[in-house]
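Worksheet: the structure to be examined is printed underneath.
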Amino acid sequence: MSPELLADFAAIAPEMWLVGAILATVIADLFVGQRGRYFVGALALAGVGMALCKLSDGATGGSDGTAFGMLAVDGHAAFFRALILAGTGLVILHGLVFRGMEDSSRNEFIPMVLGTGLGASLLVASDNLIMLLLSMELLSLSSYLLAGWQRKERRSSEAALKYLIYGAVASAIMTFGFSLVWGLTGSMNLSEIGHRLALDVLGDNAPGFGMVMATVLVFVGLFFKASVFPFHFWAPDVYEGAPTPVTTLLAVVSKAAAFGVLVRFVDAVFLAGQEPYELLESLGWIVAVLAAVTMTYGNITAVLQRNVKRLLGYSSIAHAGYLLMGVAVMLVGDEATADMGRESLLFYMATYYLATIGAFGCAMYLANRFGAEDTDDYQGLAWSAPYVCGAMVVFLVSLTGLPPTVGFVGKLYLLKASWAGGLEWLAVVASLNAVVALYYYFKVARALFLRGEQTVVPGTPHKGLVPVIAYASLFALAGATIWYTFSDVLIVWAEASPL
Amino acid sequence: MLATLKSLAAPLNSAVVQVEEVAADASVAAAPFVERLDAYLVVSGILFVLGVATILTRRNALYVLMGTELILNAANLNFVAFARFGDYGLDGQLMALVVVMLAAAEMAVALAIVLRIFHDFGSIDLTRTDGLRD
């Protein structure tokens, strides 16, 4: 093989390890059957771990930072791939202990989650429309199936159908948008599209209505994955109906992939030139308004919810709004503030990641042990499971954005970037939203600690090594969330992840 | 219902008018209709609108999925037409093949899920499979 080809393969080493893990788990499943599900899980986790270790090799890039002319292997991709791989591993770990999934389907669950992770990690590195579409579909198709993984639950089938219908429509519209982008610019490569648009702007031939249309159509697909306001309808229903580990997968891995590729698309296509132009201004305003509407809608509707998974679903819509602030700053601000917007988005994504995986993990623990799903069922559970409930409160505080958690620092950076980027009103809307968020997050914490009878209910606790490891991961996440200086590590990492 | 149908049909009517206008232009420009890019774009636009109209009006899950297929076909027609007339290389043809394959894969997954829904709910009417709501 030629050295260039070898370098290209080195750049996608993490994905190769994931593919290897998928094959290994499928084959191992044939031999060990249901009894060996911890073995299959360990195999998958080993694959994910190897992929994480190989991540730094690829960061240097194959031939000039790209692999096969399809993937951009840069710091941005490495940041999101690390988040995605870590999320995939934790989802597999939690899937092993989730009650409510039949043991017969647990082994096939693992390669399917790995497939979702593979699609997501290719998506955040895609530098080409063909690759973008293919990896997006790999991510989507496996998550449609995962949403319906509980065979005996009607809710789960319904979640799968809703996700499928909305997802199929969004991805079809996005494909139509791709065809227009390609027709208008003549290139499938994102950076090449950006250069041609920049040349057009220099030649006094700024992109017109057609390009706005095409971009809006592409954004439909990306915003759907990120659950941004007019395309969020699937999120609460699917989050409630899907098995809890899958809900975690959708809330973190799928969302990280969507924002990773959205930032890359915006940066490569629209920020390639020096001159700001009209299209950019109007797109920036559309995105800023959508960010404001998304966070307000998510927070206000979450107040009305009783089911905790659904409540966290609306909260994840609200967080999509906060994250979108970063994209709006990229489009509206100048070069320096655009970088600030992108870095604060990355940092916020990391803090959201910690708290969301943790919150869904705690919800899974409480559902496993006590069968509790609603805030009414949560009453007084802190007396029976004080540590997990304490961790839950830490995650909720971080999601609200109060000190001393990383979520507070994340919001602070986002507000700062938004203020510097000339979107002062958006910063004000976001801070007001945090007040609304405090109300419903506190509602859950109050049910756990302050309501109900102060008696110990044994429930049906889990025994064995794997459940202990799975639940210990929650405390590790809680520790990272409340450890104030950990945010320094994350922010340095985000700043060292250039596009 | 009738009002929404009529409002949905409005862009269709305008698209038909557009086709006629383009046809009139074509006879003036002397180039045969099938050798003009706009002809393909108009057809793909009509397909797109038909797809969206199907998705918005039909309540049967299979019809909605067929609507998405129409949109994908519209995209494919665009890709192939731009590849033929735009002198952009073979990327568009490649993408068209990829889209055909993806649509097939998506339908395989979709039919499996629709079968499950029929098994659980006894219907694939989207208004009847709506147990999860606020």
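In what follows, chains carry the letters A, B, and so on, assigned in the order in which the sequence lines appear, proteins first and then strands, with residues in each chain numbered from 1. All values below come from the heavy atoms of this structure, side chains included, with hydrogens, waters and symmetry mates left out.
Residue A/Leu141 touches chain B through both its backbone and its side chain, counting heavy-atom pairs closer than 4.5 Å. Both the backbone and the side chain of A/Leu161 have a heavy atom closer than 4.5 Å to some heavy atom of chain B. Looking at B/Ala83, the atoms closer than 4.5 Å to chain A (heavy atoms on both sides) sit in the backbone and in the side chain alike. Both the backbone and the side chain of B/Ala105 have a heavy atom closer than 4.5 Å to some heavy atom of chain A. For chain A, the nearby part of B/Leu126 is the side chain; its heavy atoms alone come within less than 4.5 Å. Interface remark: A/Ile173 contributes backbone and side-chain atoms alike to the contact with chain B (heavy atom separation under 4.5 Å). With a 4.5 Å cut-off on non-hydrogen atoms, B/Asn76 does not touch chain A at all.
Between B/Phe48 and A/Phe176, the two ring planes are parallel [angle under 30°; tilted spans 30° to 60°].
For chain B, the option among A/Pro236, A/Ser140, A/Gly186, A/Ser187 with the highest count of heavy-atom pairs below 4.5 Å is A/Gly186. Counting heavy-atom pairs closer than 4.5 Å to chain B, the top residue among A/Arg306, A/Gln305, A/Glu153 is A/Gln305. Contact count versus chain B (heavy atoms, under 4.5 Å) is highest, among A/Ala168, A/Gly241, A/Ala160, A/Gly167, for A/Ala168.
Counting non-hydrogen atoms of neighbouring residues, nucleotides and ligands closer than 6.0 angstrom, the CZ atom of A/Arg155 exceeds 12 such neighbours. Atom CE of B/Met107 is surrounded by more than 12 heavy atoms from other residues, nucleotides or ligands within 6.0 Å.
Using modelled atom types, one side-chain atom of B/Arg116 and one backbone atom of A/Gly148 make a donor-acceptor pair closer than 3.5 Å. Side-chain atoms of B/Tyr88 come within 3.5 Å of backbone N or O of A/Gly183 as a donor-acceptor pair.
Within residues 308-315 of chain A, the residues approaching chain B closer than 4.5 Å by heavy atoms are, in numerical order, A/Arg310, A/Tyr314.
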